[in-house]
Amino acid sequence: MQAETTVEAPEVTFADLGLSQKVLSAVHDAGYVNPTPIQAGAIPHALQGKDVLGIAQTGTGKTAAFVLPMITRLEKGRARARMPRTLILEPTRELAAQVEENFVKYGKNHRLNIALLIGGVSFDEQEKKLERGADVLIATPGRLLDHFERGKLLLTGVDILVIDEADRMLDMGFIPDIERIAKLIPFTRQTLFFSATMPPEITKLTEQFLQAPVRIEVSKAASTGVNIVQRLVKSKSKGWDKRETLRKLIRAEEDELKNAIIFCNRKVDVSELFRSLVKHDFDAGALHGDMDQRARMAMLAAFREGKLKLLVASDVAARGLDIPDVSHVFNFDVPIHAEDYVHRIGRTGRAGRSGKSFTIVTRSDGKYLDAIEKLIGKEIEWMDGDLSTVAQDDAEEEAPRRGRGKGRERGRASSGERKPRGEKRARRDEAEEAVAEPIQVAEEAPAEDKQARREAIKADNAERKAKPEQPRQREDDNRRDRGGRNNNWRREDDEPSPIGFGDDMPAFMKIPARV
DNA sequence: AAAAAAC
C-alpha cells in the first residue's frame, strides 16, 4: 500500500538544488531540467561549502556538478590581481579547455574572469588574465607551476580547489605536482575531488586533501554500455594489412557511419594512419599530444562541428572529451590497458543512443584481449571468424626475420612471395601509401572545411622537419619516462658534445672548424 | 608495445 504512493517519486529538478537564479537561468537556456545523479548528489553539499569526494566516470555530468555550485558561490566577492579565487586542475589541455567552455556557458549571466592556463600556447595572454584577477583558474599542472615559479601567481586567495580526474592524474605522474600545488593553497579552502576509480594511492590523497568530505558515488559503468555493439575483426599484424582491414571496415559501415574515432596506441601510428586515410580520400583528421596546440584545438572543433568524419587519435581522446554523438569507434590497435578499452568505446553509445565499435586484433594481441574480456565480463563477438586463419599466414611472414643475412637484404627473393624485412617498414608499404612523404594539400580543397586538416598536416610536417629522422628513443629514455613527467634531461641530439667538457665546453669550440 | 604534461 505504502509503496504505491511513492512509485512515481517526484523528479528532482535543478531548481531544487539551491543554485542561484542567474545560474538556473543559464542551465534552463542550455536546455536542462533534471540533474544527473552526481549533480543532484554533489551540488547541494558543494553550495554549503563542504568538501566533496565524487566518484564518477566522465559522461555522468560530473563537470556541471562542480561548475554550477562554483558559479553560485562566486557571486559574492571579487577577484584581486594575481590572486585567483578558485582553481581547477585537469590532466589534459583539452579537458581544461572543455571546463572553460562550461564556465562560459553557465556563467553567461555573470561577469566572470576566467583564465585558462595550459601548455602549448603563449604566456602573454594568460598573464594578462592573471593580472586582471581571475575568478576561475583552470589549469594543467605543468603550466600552472610554471606561472607560479615566474611569480605571476599567488594561490593564497583560492577558496575552492577542484581536482578532476584524479586517477588519471595519478597515471600520468602528476601527483607530486598536485601535492605541491595543494600545499600552496590555504587550509581553509573547500576541496572538490573527482575520480573515476579509487586505487589506494588516490584514497591516501583524499585523506590528505579532504576534510570530512561528503562521498558521492554514482554507478561506475565499468562494464560497457549495452547499447554499444562490439565486434572483433581479425587482421594480419603488418601496418599495411591493418590499414586495409580498417578501410574495408569503414566502407562496409558506410551507411551507418556518421562519424568515428579511430584509436591507435602510439602517436606515430596516429600520424601514419591519418596520412594514409587522407591519401585514400577519407575525410579524416588527427589528434595526439605531439601536435601543435592550435591544430589540436582546430581538429577537435572541426570534428565536433561535423566538418570531419573520422578522427584518428591517441588515448588523449579516450577519456573525458565531450564529443557527442559518435556513431562508431574503431580500435586500430587493441589497447594495452583493459580500462582504456572501456573508455575508448565509451565514446560512442552515449546518452542512450546506440553505437558500434570494432577492434582490429592481430595474433600478438591475445593477452590484452583476454584482459579486456575479463574486465568487461563477457566475450566479444568476432565478425568474420577468429584469428585461427590469420595466425598461419602471419607466422610465415615473420619467419624470414630470423634467417636474415646481409646478402639477402636487397631485391625480392626469386620465389617472389616474401620480402626480406629490413630495419624499416616493408617497401610495399611506402610505395603504395607514400605515407612517409609530406602530403601536399590540394589547392582546390574547400577552404573552410579543410582548414583544420590542413593545419594538422602542417603541424605534422613541421614536426618531421624539426626532428629529422630522430633515432628511435633509446632504452634509457623509456626507463626515465616511466617515472613521471620531468623529461628535461633529454638533450638535443644534434648538439655536439665533446668528451671531457660536458656542459662547460668553451663556446669557441662549438664553432665547427672550417676546412 | 603507450599516452599525457612546462619552457
Side-chain angles (χ1 to χ4, degrees), chain A residues 58 89-98 116-124 126-127 138-153 163-178 180-181 237-239 242 261-273 286-293 296 300 312-321 331-341 343-344 360-369 371-372 398 425 466 472-473 475 477-492:
Chain A
T58 43
L89 293 171
E90 294 289 336
T92 70
R93 299 170 185 175
E94 274 76 13
L95 278 173
Q98 197 170 286
L116 177 66
L117 306 189
I118 59 174
V121 292
S122 93
F123 277 86
D124 298 357
Q126 297 178 355
E127 271 177 24
I138 306 152
T140 46
R143 183 54 76 96
L144 179 87
L145 285 170
D146 208 339
H147 278 285
F148 181 79
E149 278 157 15
R150 289 164 187 236
K152 303 293 176 190
L153 182 61
I163 296 164
D164 197 14
E165 304 258 339
D167 51 350
R168 201 169 172 205
M169 302 252 205
L170 173 74
D171 287 347
M172 292 167 67
F174 280 164
I175 298 304
D177 288 347
I178 302 296
R180 190 177 156 206
I181 292 165
S237 55
K238 289 258 174 61
K242 290 179 82 173
I261 305 181
I262 304 164
F263 285 104
C264 300
N265 284 357
R266 296 183 303 182
K267 289 178 284 197
V268 284
D269 295 326
V270 170
S271 206
E272 185 168 315
L273 178 58
L287 186 69
H288 67 71
D290 277 355
M291 279 165 54
D292 165 59
Q293 188 60 26
R296 277 168 76 163
L300 198 52
V312 188
S314 68
D315 278 318
V316 69
R319 306 189 202 192
L321 288 192
N331 286 311
F332 186 74
D333 300 307
V334 176
I336 291 164
H337 291 302
E339 323 87 73
D340 287 335
Y341 177 82
H343 289 297
R344 287 181 182 185
I360 298 177
V361 185
T362 70
R363 55 189 269 283
S364 48
D365 293 327
K367 63 175 171 178
Y368 301 120
L369 185 58
I372 289 167
E398 280 182 19
R425 130 177 37 92
R472 283 231 170 279
Q473 275 205 339
E475 278 174 47
D477 283 18
N478 285 326
R479 206 174 345 112
R480 302 221 198 184
D481 253 358
R482 209 157 297 147
R485 54 186 196 78
N486 282 318
N487 292 334
N488 296 346
W489 55 274
R490 185 180 293 155
R491 81 157 189 272
E492 298 300 325

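The basis for the numbers below is simple: all heavy atoms, side chains too, and nothing from hydrogens, waters or symmetry mates. In this text the structure is predicted, and so the values were computed from the model without any measurement. Convention: sequence-line order gives letters A, B, ...; per-chain numbering from 1.
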Measure the distance from [atom1] on [X] to [atom2] on [N] and round it to the nearest whole Å.
{"X": "A:I163", "N": "B:dA5", "atom1": "CD1", "atom2": "P", "answer": "19 Å"}
{"X": "A:E90", "N": "B:dA5", "atom1": "CD", "atom2": "P", "answer": "12 Å"}
{"X": "A:I262", "N": "B:dA3", "atom1": "CD1", "atom2": "P", "answer": "17 Å"}
{"X": "A:Q293", "N": "B:dC7", "atom1": "CD", "atom2": "P", "answer": "10 Å"}
{"X": "A:I118", "N": "B:dA4", "atom1": "CD1", "atom2": "P", "answer": "14 Å"}
{"X": "A:E127", "N": "B:dA6", "atom1": "CD", "atom2": "P", "answer": "16 Å"}
{"X": "A:D177", "N": "B:dC7", "atom1": "CG", "atom2": "P", "answer": "13 Å"}
{"X": "A:R168", "N": "B:dA5", "atom1": "CZ", "atom2": "C1'", "answer": "11 Å"}

Quiz item: Under 3.5 Å, is there an N or O donor on one side and an acceptor on the other linking the side chain of A:H337 and the base of B:dA2?
Solution: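 Donor-acceptor pair under 3.5 Å: yes.
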Minimum-distance nucleotide (side-chain atoms of [X] versus [options]):
{"X": "A:D340", "options": "B:dA2, B:dA6, B:dA1", "value": "B:dA2"}
{"X": "A:F123", "options": "B:dA3, B:dC7, B:dA1", "value": "B:dC7"}
{"X": "A:V316", "options": "B:dA1, B:dC7, B:dA4", "value": "B:dA4"}
{"X": "A:S314", "options": "B:dA3, B:dA5, B:dA6", "value": "B:dA3"}
{"X": "A:F174", "options": "B:dA3, B:dA2, B:dA5", "value": "B:dA5"}
{"X": "A:E149", "options": "B:dA6, B:dA4, B:dA2", "value": "B:dA6"}
{"X": "A:Y368", "options": "B:dA1, B:dA6, B:dA4", "value": "B:dA1"}
{"X": "A:D365", "options": "B:dA1, B:dA4, B:dA2", "value": "B:dA1"}

Any side-chain N or O of [X] under 4.0 Å from OP1/OP2 of [N]?
{"X": "A:R296", "N": "B:dA5", "result": "yes"}
{"X": "A:T140", "N": "B:dA6", "result": "yes"}
{"X": "A:K367", "N": "B:dA1", "result": "no"}
{"X": "A:R93", "N": "B:dA5", "result": "yes"}

Quiz item: How close do A:C264 and A:V270 get, heavy atom to heavy atom, and via which atoms?
Solution: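 So the two residues come closest at CB-CG2, 3.8 Å.
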Self-check item: A:H288 side chain vs A:D290 backbone, donor-acceptor pair below 3.5 Å
Solution: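 Yes.
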Quiz item: Between the main-chain N or O of A:G142 and the side-chain N or O of A:T140, is there a donor-acceptor pair closer than 3.5 Å?
Solution: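 Absent.
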Self-check item: Those residues that, when tested against A:E165, pass salt bridge (Lys or Arg N to Asp or Glu O under 4.0 Å) (two or more places apart)
Solution: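 Expected list: A:K62.
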Self-check item: Partner set under salt bridge (Lys or Arg N to Asp or Glu O under 4.0 Å) for A:D365, not counting sequence neighbours
Solution: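 Per chain and number, A:D365 pairs via salt bridge (Lys or Arg N to Asp or Glu O under 4.0 Å) with no residue.
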Quiz item: Do we get A:R143 above A:F123's six-membered ring, with its NZ or CZ under 6.0 Å from the centre and within 45° of the axis?
Solution: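 Flagged: A:R143 positioned over aromatic ring of A:F123.
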